[in-house]
Each structure stands twice: as C-alpha cells, then as structure tokens.
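Start at 1 with the first residue, then count along the sequence.
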Amino acid sequence: MNLNHLSALSPLDGRYAGKLNALRPLLSEFALMQRRLQVQVAWFIALSDAGLAEFKPLSSAARTLLRGLVRDFSDGDAQAIKDIEATTNHDVKAVEYWLKNHVRGQPELAAAVEFVHFACTSEDINNTSYALMLQRARADVLLPALDSLVASLTTLAHSLAEVPMLSRTHGQAASPTTVGKEVANVVVRLRRARECIAEVRLLAKMNGAVGNYNAHLAAYPEVDWEVFARDVVEQLDLAFNAYTIQIEPHDAMAELFDAMTRSNTILIDWSRDVWGYISLGYFKQSLKRSEVGSSTMPHKINPIDFENAEGNFGLANALLAHLSQKLPISRFQRDLSDSTVLRNIGVGFGYTMLGLSSLQRGLAQLVVNREALAADLDTAWEVLAEPIQTVMRRYGLPDGYEKLKELTRGKTITREALAALIESLALPEAEKARLRALTPAGYTGLAGPLAARV
C-alpha cells in the first residue's frame, strides 16, 4: 500500500493533514534533523572562537557556508541523512557524518573537521534541538492560535455582554447571568493559561556524557567549559541547565506540556458548555446548505465542531500528560525510553491545534437565540427567591430562606405568586416596589459590566 493521506495510520497525517501544515516544518523528523544541524554548527563555530590552539577562528566565508547549510536544509538533505542512518543505525551520528561530508571540500573547514561533535554526547545535540523545536512551535503556531481564539471570545463577550441568560447550576435553573459574562469567564481563564505556556523557560545543556564535562577537560583542561557551554546555549536563546545527568531532565518540557493541558482542559469545559447551550436552544448554528448533519435525519445541524474540539483536546491531553510524567524519569544517568516518546511531541501539538481550529470554526457559526433565552427566563420566576430572601435578611425578617424554600422549591412559580408574597412582607414600601419590579431577565447583577470590561 502506498503511503498517502488515505493510508496514514495517524489522522494527523491523513484526514487532518491539511490543517497542520504549519507544524510540519517545526516538529517533524525533518525539523529535528535541521535543529540537530543547527546545534552542531553553533557548537562548531563557538569552538573556533574558544582560543583553542588547534582550531583557529573561522573566516566569515566559512561561517556563512555553515549557517547556509542550516538555513537551506532541504528534503534532499534530510533524505541523505536518513540514508547514512541506514548504515550507522544512529540518527545523531548520521547528522555528524553528513555535516563532515559537506565541509570536506572547503580546505579551512576540512582542516578542523574533527571538531564537529567535539566532546559531545548525542543528548547534547538532541536536548538542545528539541528545545529549539518547542520554542518555535510555541512562538510561531501555538500562541498565535490561542491569541486568535482569545480575541474571538473577547469579541463575543463584549457583543453579548448585556444579553441575559438563565444559569444552569447542577443542570437546574439558577440565578441569571448574561451570555457575555459566561464567555468572559473563559477569556480570563484562557489568558492566564496562555501566559503559563508562554512563561516556561526552555532549558538545554551541553555538558557531555554524564553532565560533568569529562571529555572536554581531558582534551583542554585549561578551558572553562561550563562558561563556554552556557554561552552556546544562551546564544541559541535557551536557558542553560548546569546540573544534569546524560540527559537534560526535561522538567521544563514537562512544565510546558502541563501548561498546555490546562489550557486544553479549559477549552474542553467550554466546548461542552457550548454544546449544552446549543442543545437548550440558546445558540443556533449558521446553516451551510451543502453540508449534511445526519445521514438519515435531514433537519439536523449537529454541533460537530465543538464535539471535535472536545475529542481532540482530550487526545492531546492524554499524550501531553504522558510526556510530562514520563520524560523527567531516566534510570541512573541515562536510558533511552525518552527517545521514542520525544518523537511524539508533534502529535500532542497536532491534536491541540486541531482542537483550537475546530473551536474557532464553531464559534464563527454561532448565532445567539435571543427569543429562546428570553422565553427560558420568563418561565423561571423561582430564581427571584434568592433576592427576596436576601432583602428579608437585610431588614431582619426571620426565616426568609425557609419561607422562600417552602414557596418555591421544586415548584413552578408565577410572577403573581411572588408579588403576593412580597406584598405580605413587613418591608419598606420602596423595597417592595423594587422587588416587584424585578424580573429574571433583569436579575443579572454585575454580569454585563464584568463582560464588557474583560
């Protein structure tokens, strides 16, 4: 069977491939090879500037050539590395050999070719490469998508700030809110989650086979290798981790993935709520005449975008949670169980991006059903038991809660019944008039202003 979108085992590279094109240059095996090459080149150039007697500073032409290999890295280059790996059975060594082969024709670089991968363990290259991949994927794809969703939700919160809606605590009629305020709640939660994602400092190390610069000092005992390694890492715009075993412990990665799961969980919560609001008739969905909702029921417009968002965020969280729990664990100074797991970072990001895409598309099709919202509120006069008994408390009337409980609990209450109760209370006439004028739609507290200012 030919490998294509229809034969792919993962829907990320099959059914949904077109929606994830932005991630492929950043989190694929191609991207890993390119970042490995970037790290090898950065280390090699830095070594030339370290004052080593055997490796003089490289010319600007040599530096341009090396950086051009990274910048212009192509599908053909990636395949050539895979071909080398077929012999070496070692992916990092394959990149090293590929780089050496490409510089042997330039005399200045050929003379220093053995400083490629000098004193490095594979994990020095790998951990730094993965950190660079995550850095780009977060900055270029994930955060812009989150920002776009937050912007859409903020616009929705503002436009619906004053539209009253019956709350549904425990699925039952409760104190009214506004549609905009419920959206605003999500905006505030998501902004905080977004900042947690953005603030994770991605770490990297370049300290050798067990984290102690053993080989470095064996060759050049006079060099301050810790300062040197820190400089290389920080020049790549990563944070330096001075204390590691052979692997960088991946704690920062775990923090990032945990932050992503929190954001995704907020959006699962919102997706389910919108699904419920559609079911209650609070929202309608824009009709697309060419689409089919059900294969047998022609009338249906299913909330599929919110269902897809919920499912894809759930898949993302399952994988991201495993990544955050497994990656910081390594037996003694090194085992390779993290290696195969790390290759699935793109899958966790991919399902997250699918969820964000589905949710954005679903939000664009929502139309608030003001008539349904108003009708729902007009049948829920019992929710005014709360303000009545609270005003009774203010004026010291005894057993306010109990009286309203007896009148309203589990019963259908009319406006007239509440008016009769209010009239019987020993309250100032102005307070009675204020309570009689209250309606479920008008009992929304600060919901409107809170939504408008988010």
Side-chain angles (χ1 to χ4, degrees), residues 31-74 77-78 80-81 84 88 90-133 135-136 202-242 244 246 248:
L32 177 56
M33 290 180 182
Q34 188 175 29
R35 293 307 131 227
R36 282 168 170 163
L37 179 62
Q38 179 185 357
V39 176
Q40 294 276 19
V41 165
W43 184 257
F44 185 67
I45 292 174
L47 285 170
S48 82
D49 293 328
L52 309 180
E54 293 79 13
F55 192 6
K56 301 302 181 184
L58 292 170
S59 67
S60 60
R63 295 167 193 251
T64 298
L65 185 154
L66 289 166
R67 290 171 178 146
L69 293 176
V70 179
R71 183 191 63 242
D72 301 329
F73 191 73
S74 67
D77 295 329
I81 291 172
I84 297 170
T88 63
H90 196 290
D91 48 3
V92 176
K93 205 67 178 175
V95 174
E96 176 191 344
Y97 287 165
W98 183 90
L99 178 56
K100 285 180 174 179
N101 290 340
H102 270 69
V103 302
R104 290 189 196 280
Q106 211 270 11
E108 179 186 4
L109 294 173
V113 74
E114 289 309 319
F115 282 95
V116 173
H117 202 71
F118 178 82
C120 289
T121 182
S122 297
E123 177 61 12
D124 288 334
I125 308 303
N126 276 339
N127 87 93
T128 312
S129 298
Y130 276 114
L132 289 170
M133 291 163 69
Q135 186 180 61
R136 286 283 307 278
L202 291 165
L203 301 176
K205 70 98 182 180
M206 299 285 290
N207 54 15
V210 293
N212 301 328
Y213 307 97
N214 304 46
H216 309 64
L217 289 167
Y220 291 99
E222 71 280 6
V223 174
D224 189 334
W225 286 105
E226 185 176 0
V227 170
F228 178 82
R230 180 187 294 274
D231 286 344
V232 174
V233 167
E234 291 180 349
Q235 285 170 18
L236 291 168
D237 201 25
L238 299 170
F240 179 67
N241 189 347
T244 78
Q246 182 174 120
E248 198 289 316

Could I get the full list of salt bridge (Lys or Arg N to Asp or Glu O under 4.0 Å) partners for R35, not counting sequence neighbours? none

Under the salt bridge (Lys or Arg N to Asp or Glu O under 4.0 Å) rule, collect the residues that match up with D91, sequence neighbours excluded. R36, R343

Of all pairs that satisfy side chain to side chain donor-acceptor pair (under 3.5 Å), the ones with a partner from residues 212-225, not counting sequence neighbours: E54-Y220

Tell me, please, which residues at least two apart from A239 pass side-chain contact (heavy atoms from CB on, under 4.5 Å). R201, L203

Can you measure from OH (Y97) to CD1 (I81) and round to the nearest 0.5 angstrom? 13.5 Å

Could you grab the distance from atom CZ of F228 to atom CG of N207, nearest 0.5 Å is fine? 13.0 Å

Ring pair (Phe, Tyr, Trp, His ring centres under 6.0 Å) filter on Y130, not counting sequence neighbours, yields none

Closest approach of A229 to W43 (non-hydrogen atoms, all atoms of both residues): CA-CZ3, 4.4 Å

To the nearest 0.5 Å, tell me how far L37 CG sits from E96 CD. 12.0 Å

Value for NZ (K205) from CZ (R230), rounded to nearest 0.5 Å, stands at 14.5 Å

Using the side-chain contact (heavy atoms from CB on, under 4.5 Å) criterion, which residues pair with L65? Sequence neighbours excluded. L69, Q106, L109

Under 3.5 Å donor-acceptor, D77 side chain and S74 backbone: yes

If every non-hydrogen atom of V39 is compared with every non-hydrogen atom of D124, which pair is closest and at what distance? CG1-O, 4.4 Å

Salt bridge (Lys or Arg N to Asp or Glu O under 4.0 Å) contacts in which one or both residues fall within residues 64-74, not counting sequence neighbours: none

Mind checking the CG-CG spacing from N127 to N241? Nearest 0.5 Å is all I need. 8.5 Å

CD1 on I125 to CG on L32, rounded to 0.5 Å: 11.0 Å

Under the salt bridge (Lys or Arg N to Asp or Glu O under 4.0 Å) test, which residues partner D49, sequence neighbours left out? R63

Please enumerate all residues that pass salt bridge (Lys or Arg N to Asp or Glu O under 4.0 Å) together with E226, with sequence neighbours excluded. none

Sequence neighbours excluded, the answer for side-chain contact (heavy atoms from CB on, under 4.5 Å) partners of A112 is F44, F55, F115

Correct closest heavy-atom pair for R104 and A110 would be O-CB, 3.4 Å

State, yes or no, whether a side-chain contact exists between C120 and M206 at a heavy-atom distance under 4.5 Å. yes

side-chain contact (heavy atoms from CB on, under 4.5 Å) partners of A209, counting only residues at least two apart: Q246

Residue pairs involving residues 108-121 (criterion side chain to side chain donor-acceptor pair (under 3.5 Å); sequence neighbours excluded): Q40-H117, S59-E108, K100-E114

